[in-house]
Amino acid sequence: MTETLFAAFARTPRGRELLADDLRATLPATFPAAARSFWVCRDAGVALHAPAFAEDAARRDASALALVGTRYGRDGRDGRDGPRSQSRSQRQSWPPERAAASSGREARASAVFAAFLDDPGAAIASWRGEAAVVCWDGVRQRLSMARDPLGQRGLFLRDDDDVTWVCSELAPLLTDPAFACRLDLESAYHYLQNGRPPWGRTMAEGISRIPAAHLAQWRPGTPVLRHRVFTALRDDAQKVADEPLRAVIRERLDDAIAARLSDGRQALLLSGGVDSSYLAARGAALLGTRQLETYTIEFAAPFPHNETQFARLVASRFGLRHHVVPLDLPATRPLLEQVLAAEEPCAAWATVTHHHLVTHIRGDGHRALVSGLGSDEVFGGYWPFLEVYLRWRRHQKRWARPDDLDAFDSALWTRGADAAYLFASNARFFDEKALSRVVHPPFSRWRDTSLLEEFYREQRRIKRGAHWFEMAVAHECEHRIPDLLFANFEPIARAASLRCSYPFLDLPLLPLVCGLGPSSRFEQASARSWRNKVALREIAAAVLPAEIMQRPLTSYTAPIALWMTSPAIARPLLARLRRSKFWKLGLVRRTYLPSLEAAVQRALAGDKRGGPALLLCQRLWALITLTAWYDRYVEAQR
């Protein structure tokens, strides 16, 4: 199985001819050059590179499956129902001469192949792990394309005049010399707000992505159609995490951890917080201490806050080998350059530390990494969840509701209410009002809340009466997690041949946690303080040291404010930002940059009139990463 999926399908009769008769000359320069490594259905105009399983392409009804990724569960099963039995008898591997030497991997590919031919939507919706899949069904003349339900893998499409090119990585489509890259202005606007492009888009005009939780299908002569195949919402979801439900969540978490740690020696990112400490404790208990090594980033002075002492305590308590990976300012500069060269702008500035950690972990010989990412999103760890929810509760209590009009439905149709009461994302650089002052007309009159409204309307159609928190968590799972966090972090790990897994985002666990109500997520600890992740804390308290459970709640992230005040780092970044060709586009006002730089300096000096220092630094980061992407992939290719 290859590490990158490549495929193509013809959009015109000429495209079918090119794929059938002149594939080698037609292939993008960034695709595999050997035409013989592609399986081609000549009549339909479909080409799959090195399929995991395929039938003889000479047959008119031949089918094939291209697949990259990993699946968790015993005997290759997906942890739920497993792959369905083969719908046709005597599947033959491709090329035919390999059939006699069929390996265990090929047998598993055969089962996956049969499942995707039988019901591609159900096959991808139950995929427990990460994957990108393209399956051609020769009998039904149907091409199915999907990524895993939470979008850990990407899957991108680029429409040329006659052929649509498909790839599980963005770079081969983006850096093809024949592709004239242009910035998608709507994506740029959305990036400045939320740190990611809109649903199904990328920053490059003409390159789209298959949305997480959706299946895309194409038939010759028709456009690509997309439809939802997965949701974390469940009609029977329980809002209160009582002891029976906590026991089920514990069991599902144990299964998720064991499935991911069953392949031998692995690394675990350990911050010393409840999430990663729980993974360390249960990993050691379930599989022993020899398989798991823990890694903690430690920022050098003058950064004042680190979590090394908590991480070291956890590793010592559970007998795990612990590595502290230091990061100082001189080492940060080259890491920033790597981040600014990414195929997608990296809104998550923690990608800088991720580069550093991945390098050390891979250098120690590890090939797999376990992370606690996702816990804050699904259990309720981020304070913006609580802030927006409390605004919504105040509105709901004031609502003079007629019997036939639901308060939430009404908010979806009330001008301005969407921005106040709908959870958009934990990452929010510019709100709509702030951004309207930063961009030129007509962009200053744009509104992106229509996308947000439609998402929540869809959630209410899927589950009538869905409560606020389960819809907000579903939004994180379908948008921010796949198209910001995974889009930023996963390419770094894959480039180092390091496989990452996230037990808190395990598919069988997700619907249980998504349905939890506010009392199982946040509780008031005192008149001025709250506790977050209530359900997870109640579960973790049985296994974690009291020092971890009682430690102060802090947001431990990369020191972006320190970077913006360090001359060795900030000066070259700001100089590049000022001379960027991006300003000529007419999207963002050129005069905004000096005012933002001045506001950052005032805020860092203690003057809060211009806004919080961290938010201003984040806005500066959003502009730095967006303009760096534009200069590298748009201007440099002209």
Side-chain angles (χ1 to χ4, degrees), residues 1-9 11 28 30-32 38 46-52 64-71 112-113 115-116 120-121 123-137 142-160 163-176 179 184 187 196-204 206-218 223-230 342-344 477-479 481-491 493-495 499-500 507:
M1 186 183 299
T2 60
E3 290 301 315
T4 304
L5 183 153
F6 299 93
F9 58 90
R11 301 173 61 237
T30 49
F31 272 42
F38 281 82
V46 173
L48 306 183
H49 176 254
L65 173 90
L67 167 71
V68 292
T70 302
R71 194 164 49 148
V112 173
F113 181 40
F116 272 90
I124 198 64
S126 61
W127 191 276
R128 189 185 182 194
E130 44 94 18
V133 183
V134 175
C135 182
W136 170 248
D137 186 335
R142 179 182 67 193
L143 187 71
S144 299
M145 299 169 284
R147 52 209 282 227
D148 56 272
L150 292 182
Q152 186 174 343
R153 281 274 182 170
L155 192 57
F156 303 92
L157 280 67
R158 192 187 82 201
D159 293 334
D160 288 354
V163 176
T164 294
W165 303 102
V166 185
C167 190
S168 60
E169 304 290 342
L170 180 58
L173 300 174
L174 181 65
T175 59
D176 175 16
F179 176 64
D184 185 316
S187 292
R196 52 184 167 78
W199 184 85
R201 307 276 278 273
T202 70
M203 302 306 298
I207 302 180
S208 62
R209 79 174 86 228
I210 306 295
H214 286 72
L215 175 73
Q217 292 188 313
W218 169 85
V224 174
L225 300 178
R226 298 170 173 87
H227 66 274
R228 174 183 293 279
V229 294
F230 173 80
E343 287 80 14
E344 295 196 79
C477 290
E478 292 186 31
H479 293 282
I481 288 174
D483 295 336
L484 193 161
L485 299 181
F486 284 157
N488 287 185
F489 293 127
E490 282 293 297
R494 285 199 294 273
R499 175 170 54 85
C500 294
L507 206 59

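Model, not experiment: these values are computed from the prediction.
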Original post:
CG of Asn488 to CZ of Arg196: how many Å apart, nearest 0.5 Å?
Top reply: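 That separation rounds to 11.5 Å.
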Original post:
Among all residues two or more places apart in sequence or in another chain, which pass the ring pair (Phe, Tyr, Trp, His ring centres under 6.0 Å) test with Phe31?
Top reply: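 Here the qualifying residues are Phe6, Trp165.
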Original post:
ring pair (Phe, Tyr, Trp, His ring centres under 6.0 Å) with Phe116: which residues, sequence neighbours excluded?
Top reply: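 So Phe116 forms no ring pair (Phe, Tyr, Trp, His ring centres under 6.0 Å) with any residue.
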Subject >> Close side-chain approach of Cys167 and Pro172, heavy atoms under 4.5 Å >> reply: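 When only atoms from C-beta onward are counted, Pro172 and Cys167 do touch, with a gap below 4.5 Å.
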Original post:
If you round to the nearest 0.5 Å, how far is OG1 of Thr175 from CG of Leu170?
Top reply: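 Answer for the CG-OG1 pair, Leu170 versus Thr175, is 8.5 Å.
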Original post:
Salt bridge or not for Asp137 and Arg142, using N-O below 4.0 Å?
Top reply: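 A salt bridge is present here (some side-chain N lies under 4.0 Å from a carboxylate O).
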Subject >> Ion pair Glu130/Arg494, N-O distance below 4.0 Å >> reply: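 Salt bridge flag = no for Arg494 with Glu130.
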Subject >> From CA spacing to verdict: side-chain contact (heavy atoms from CB on, under 4.5 Å), Thr202, Asp184 >> reply: CA-CA 8 Å; Thr202 70; Asp184 185 316; over 6 Å; no
Original post:
Taking it one step at a time, do Glu3 and Glu169 satisfy side-chain contact (heavy atoms from CB on, under 4.5 Å)?
Top reply: CA-CA 10 Å; Glu3 290 301 315; Glu169 304 290 342; over 6 Å; no
Subject >> Minimum heavy-atom distance Ser126-Ala123, with the two atoms named >> reply: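 Of all heavy-atom pairs spanning Ser126 and Ala123, the closest is OG-O, 3.4 Å.
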Subject >> Val68 and Thr4: CA distance, side-chain angles, deciding distance, side-chain contact (heavy atoms from CB on, under 4.5 Å) verdict >> reply: CA-CA 6 Å; Val68 292; Thr4 304; 5.6 Å; no
Subject >> Heavy-atom side-chain contact between Pro51 and Leu65 under 4.5 Å >> reply: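 Result no, sub-4.5 Å side-chain heavy-atom pair not found.
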Original post:
Do you know which two heavy atoms are closest between Pro32 and Phe38, and how far apart they sit?
Top reply: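 Heavy atoms of Pro32 and Phe38 come nearest at O-CE1, 3.7 Å.
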**OP:** Taking the side chain as every heavy atom from C-beta outward, state whether His49 and Leu5 have any atom pair closer than 4.5 Å.
**Re:**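 No, every pair of side-chain atoms sits at 4.5 Å or beyond.
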Original post:
Would Val134 and Val166 count as a side-chain contact (heavy atoms from CB on, under 4.5 Å) if you check the C-alpha gap in whole Å, the side-chain angles of each, and the deciding distance to 0.1 Å?
Top reply: CA-CA 9 Å; Val134 175; Val166 185; 4.1 Å; yes
Original post:
Taking all atoms of both residues into account, what is the closest heavy-atom pair of Phe179 and Leu174, and its distance?
Top reply: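 Phe179 and Leu174 have their closest heavy atoms at CD2-O, 3.7 Å.
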**OP:** To the nearest 0.5 Å, tell me how far Leu67 CG sits from Leu48 CG.
**Re:**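 If I round to the nearest 0.5 Å, the distance is 11.5 Å.
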Original post:
Which pair of heavy atoms, one from Thr30 and one from Leu173, lies closest together, and at what distance?
Top reply: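 Closest approach of Thr30 to Leu173: OG1-N, 4.5 Å.
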Original post:
Atom OG1 of Thr70 and atom CZ of Arg153: how far apart are they, to the nearest 0.5 Å?
Top reply: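 Answer rounded to 0.5 Å: 7.0 Å.
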Original post:
Checking Asp148 side chain against Ala131 main chain: does a donor-acceptor pair fall under 3.5 Å?
Top reply: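 Checked: pair present.
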Subject >> For Phe9, ring pair (Phe, Tyr, Trp, His ring centres under 6.0 Å) partners two or more places apart >> reply: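 With sequence neighbours excluded, Phe9 shows a ring pair (Phe, Tyr, Trp, His ring centres under 6.0 Å) to Trp218, given in chain and number order.
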**OP:** Starting at CZ of Arg158, measure out to CG of Asp176 and round the result to the nearest 0.5 Å.
**Re:**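 That separation rounds to 4.5 Å.
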Original post:
Can you tell if the side chain of His214 reaches within under 4.5 Å of the side chain of Trp199, non-hydrogen atoms only?
Top reply: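 Yes, their side chains come closer than 4.5 Å.
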Original post:
Just how far is it from atom CE of Met203 to atom CD of Glu343, taken to the nearest 0.5 Å?
Top reply: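 Met203 CE to Glu343 CD: 14.0 Å, rounded to 0.5 Å.
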**OP:** Using a 4.5 Å cut-off on heavy atoms from C-beta on, say whether the side chain of Arg209 contacts that of Pro482.
**Re:**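 Not in contact.
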Subject >> Heavy-atom closest contact (Thr164 atom, Arg11 atom, distance) >> reply: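 Reported closest heavy-atom pair: OG1-CD, 2.7 Å.
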Original post:
Between Phe156 and Ser168, what is the shortest heavy-atom contact and its length?
Top reply: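 The pair with the smallest heavy-atom distance is CE1-O, 3.9 Å.
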Original post:
Any side-chain heavy atom of Cys500 sitting closer than 4.5 Å to one from Glu490?
Top reply: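 Sidechains of Glu490 and Cys500: in contact.
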